[in-house]
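Every heavy atom of this structure was used, including side-chain atoms; hydrogens, water molecules and symmetry mates were not. Worth saying up front: this structure is predicted, and the values here are computed from it rather than measured.
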Amino acid sequence: SESRYHLGINRNKRGIVLDLKHPEGVRACHELLKTADVVIHNFRPGVAEKLSLGFELVKQLQPRIVYCSLSGYGLTGPSAGRPGFDQVLQCMTGSASAQGADNGTPSIVWGSIIDYYAASMAAMAASSSASASLISSSSTSSSPSPGVSGVSPAGALPANCSVSAL
């Protein structure tokens, strides 16, 4: 009895639930990582390491891994440890103002536009890195992980909205 939306975005996907706060879940995750090509997560900085999913450990399990971190405010800086929420990021980046009423009142875009946009940027970065890894002669060594923040790609959204409105 899933919704059409859920079925549409999850078609042909397989899922598994692992509790990474228990040794059995961590062991199962590490077994999966040994055959993985890409890892994308959206934990705040430092959380992946606490859950035994940090880049250095994952790289030991799978040297050719493409590892991408998503976070609300990036991996460094004064706001790095803050959790990112779509509606807050819309306000911080001006997306809410760009969608606001003619009287200047900001309006939230429902549907998690920042989350989807940042995730699509992460998917493109991971896809490009994976493709480059496959054709690179040095594909046995992994490179630093790409990182995508919610704020960075979202900053382009108001400009994109303005241009498409013309």
Side-chain angles (χ1 to χ4, degrees), residues 1-22 25-26 28-29 32-33 36-55 58 65-132 144-166:
S1 71
E2 285 95 2
S3 70
R4 287 185 295 169
Y5 175 76
H6 175 82
L7 293 172
I9 64 170
N10 292 302
R11 181 178 179 170
N12 295 327
K13 290 182 185 175
R14 293 180 292 162
I16 184 170
V17 177
L18 298 174
D19 187 343
L20 297 178
K21 294 185 179 178
H22 291 285
V26 171
C29 181
L32 290 169
L33 288 170
D37 296 312
V38 176
V39 170
I40 299 178
H41 72 76
N42 65 340
F43 299 119
R44 285 176 288 138
V47 173
E49 289 75 13
K50 289 179 186 175
L51 296 174
S52 300
L53 276 177
F55 176 66
V58 171
I65 199 75
V66 173
Y67 186 96
C68 185
S69 302
L70 278 147
S71 65
Y73 302 94
L75 301 176
T76 60
S79 297
R82 294 176 57 198
F85 298 98
D86 192 271
Q87 292 81 7
V88 173
L89 295 173
Q90 285 186 45
C91 294
M92 290 183 68
T93 61
S95 296
S97 291
Q99 295 298 318
D102 289 338
N103 67 4
T105 304
S107 179
I108 297 295
V109 179
W110 298 110
S112 302
I113 189 171
I114 303 294
D115 288 343
Y116 289 126
Y117 194 67
S120 69
M121 295 296 104
M124 283 194 288
S127 173
S128 297
S129 295
S131 297
S145 60
V148 178
S149 75
V151 171
S152 296
L157 279 174
N160 291 345
C161 291
S162 299
V163 170
S164 65
L166 298 175

Looking at side-chain heavy atoms only, is the closest gap between [X] and [Y] below 4.5 Å?
X: Val38; Y: Tyr67; answer: no
X: Ile65; Y: Asp37; answer: no
X: Met124; Y: Ser127; answer: no

Next on the checklist: Measuring from atom SG of Cys91 to atom CD1 of Ile108, what distance do you get when rounded to the nearest 0.5 angstrom?
Outcome noted: 4.0 Å
Using modelled atom types only, decide if a donor and an acceptor are shared between the side chain of [X] and the backbone of [Y] within a distance under 3.5 Å.
X: Ser71; Y: Gly74; result: yes
X: Ser128; Y: Ala125; result: no
X: Ser112; Y: Asp115; result: no
X: Asp86; Y: Ile114; result: yes

Item to check | side chain to side chain contact (heavy atoms under 4.5 Å, CB included) partners of Val109, counting only residues at least two apart | outcome: Gln90, Gln99, Ile113
Looking at every heavy atom in both [X] and [Y], which two are closest together, and how far apart are they?
X: Leu20; Y: Gly25; answer: CD2-O, 3.8 Å
X: Val58; Y: Leu53; answer: CG2-O, 3.5 Å
X: Ser69; Y: His41; answer: OG-NE2, 3.3 Å

